Amino acid sequence: MVDLPVLLEIKSQLAIAKTLHVLSFVIWVGGMFFAHNALRPIATILLKPNQRLPLMSQVLNRFTAWVWLALILLWISGVWLILLYGGMANVQPYVHAMMLLATIMTVVFLYLVFGALRGLKQSLANKDLKSAAKFLAKIRWVIFTNLSLGLLTIIIVTAGK
Ligand code: HEM
């Protein structure tokens, strides 16, 4: 029998961990939705490459700094939740699926920061707009991939629950 104070303590830890978890993926997935579906198409229509490419580079630079924070909180809160549920053996299959998808998303994010975005910044520093445009086209697909995986994760978890 678990006594009441211990139960209340676990309940409040669950509430904190879940809140951090939800805030983290809302910032990450919501930010990608905005960048891919609102900012990028309108910037393409309204701005010339010499304005659009630096804008996207700086916006993504700022956004990825926030995603680092969200990513760290997402993993900490996720592991914390698993520990509160009593370990991997006690969680539902959708949590295993969530961890797998989040691992892929994390690897894709690392490629974005250390591969495509770095290439975009380097090309702009060299004033090579042609190469910068190629990197931005890559970034578009990278963000589309992670956005799709993020939305899929939310659907799987919500349906799984
Ligand atoms: C972008 C990646 C992720 C997304 C979109 C996501 C999404 C979600 C959602 C929508 C919930 C349900 C929240 C609620 O109950 O209201 C949840 C809960 C949870 N997540 Fe994640 N998550 C992600 C990554 C992770 C990672 C990396 C871990 C583990 C290290 C993890 C572990 C958990 C656990 C244990 C729960 C509680 C499940 C339950 O209450 O049955 N998640 N997540």
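Residues take their numbers from the sequence shown, with the count starting at 1. No experiment lies behind these values; they were computed from the predicted model shown. For ligands, and for the atoms within them, numbers begin at 1 and follow the listed sequence.
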Checking Trp75 against Thr106: is there a side-chain donor and acceptor pair closer than 3.5 Å? yes
Could you check Ile104, Val29, Leu100 and say which one makes a side chain to side chain contact (heavy atoms under 4.5 Å, CB included) with Leu149? Ile104
Under a heavy-atom criterion of less than 4.0 Å, does Val79 contact ligand 1? yes
Indicate if the distance from atom 21 (Fe) of ligand 1 to the nearest N, O or S atom of Ser77 falls below 2.8 Å. no
Report yes if some heavy atom in the side chain of Trp28 is under 4.5 Å from a heavy atom in the side chain of Phe109; otherwise report no. yes
Under 3.5 Å between any N/O of Lys18 and any N/O of ligand 1: does that happen in this structure? yes
So for Met99, does at least one of its heavy atoms come nearer than 4.0 angstrom to any atom of ligand 1? yes
Suppose we measure from atom 10 (C) of ligand 1 to each protein heavy atom; which comes out shortest, and what is that distance? Phe25 CZ, 3.3 Å
In ligand 1, which numbered atoms sit nearer than 4.0 Å to a non-hydrogen atom of Ala102? 2 (C), 24 (C), 27 (C)
The closest protein heavy-atom partner of atom 4 (C) of ligand 1 is Thr153 CG2, 3.7 Å
Look at the side chain of Ser57 and the backbone N and O of Leu53, then say whether any donor-acceptor pair between them is shorter than 3.5 Å. no
Atoms of ligand 1, numbered as shown, that sit under 4.0 Å from any heavy atom of Leu81: 19 (C), 34 (C), 35 (C), 36 (C), 37 (C)
Group every Ile, Leu, Val, Met, Phe, Trp and Tyr by side-chain heavy-atom contacts under 4.5 Å, then state whether Ile27 and Leu73 land in the same group. no
Compare His96, Met32, His21 and give the one whose heavy atom is closest to atom 17 (C) of ligand 1. His21
Check each atom of ligand 1 against the heavy atoms of Trp75 and keep those under 4.0 Å away; list them by number with element. 27 (C), 30 (C)
What is the closest protein heavy atom to atom 15 (O) of ligand 1, and at what distance does it sit? Lys161 NZ, 2.6 Å
For atom 37 (C) of ligand 1, the protein heavy atom that lies nearest, with its residue and separation: Tyr85 CE1, 3.6 Å
Sub-4.0 Å heavy-atom approach of Val91 to ligand 1: no
Any N or O on Tyr94 sitting closer than 3.5 Å to an N or O of ligand 1? yes
Would a line drawn from the ring center of Phe144 to the ring center of Trp141 be shorter than 6.0 Å? yes
The protein heavy atom nearest to atom 13 (C) of ligand 1 is Val22 CG2, 4.2 Å
Using a 4.5 Å cut-off on heavy atoms from C-beta on, say whether the side chain of Leu14 contacts that of Tyr85. yes
Distance under 4.0 Å to a non-hydrogen atom of Ile154: what atoms of ligand 1 satisfy this? 5 (C)
For atom 6 (C) of ligand 1, what is the closest protein heavy atom, and at what distance to 0.1 Å? Met98 SD, 3.3 Å
Short list, please: which atoms of ligand 1 are under 4.0 Å from a heavy atom of Met105? 1 (C)
Correct closest heavy-atom pair for Ala38 and Pro41 would be O-CD, 3.5 Å
Nearest to atom 2 (C) of ligand 1, what protein heavy atom do you find, and at what distance? Leu74 CD2, 3.4 Å
Inspect the surroundings of CD in Gln13 and state if more than 12 heavy atoms from other residues, nucleotides or ligands are less than 6.0 Å away. yes
Any Val157 heavy atom less than 4.0 Å to ligand 1: yes
Val67 vs Leu112, test: side chain to side chain contact (heavy atoms under 4.5 Å, CB included). Steps then yes/no. CA-CA 11 Å; Val67 176; Leu112 169 70; over 6 Å; no
Closest heavy-atom pair, Ala43 versus Leu55, reported as atoms and distance to 0.1 Å, is CB-CD2, 4.3 Å
Quick test: of every protein heavy atom, which one is nearest to atom 28 (C) of ligand 1, and how far off is it to 0.1 Å? Gly78 CA, 3.7 Å
Go through it in stages, so that I can follow the logic: the residues are Phe25 and Thr153, the test is side chain to side chain contact (heavy atoms under 4.5 Å, CB included), and I'd like the CA-CA distance, side-chain angles, deciding distance and then a yes or no. CA-CA 10 Å; Phe25 71 71; Thr153 310; over 6 Å; no
Heavy-atom contacts with Ile82 under 4.0 Å: which atoms of ligand 1 show up? List them by number with element. 29 (C), 35 (C)
Any chain of hydrophobic side-chain contacts (each under 4.5 Å) joining Val107 to Leu147? no
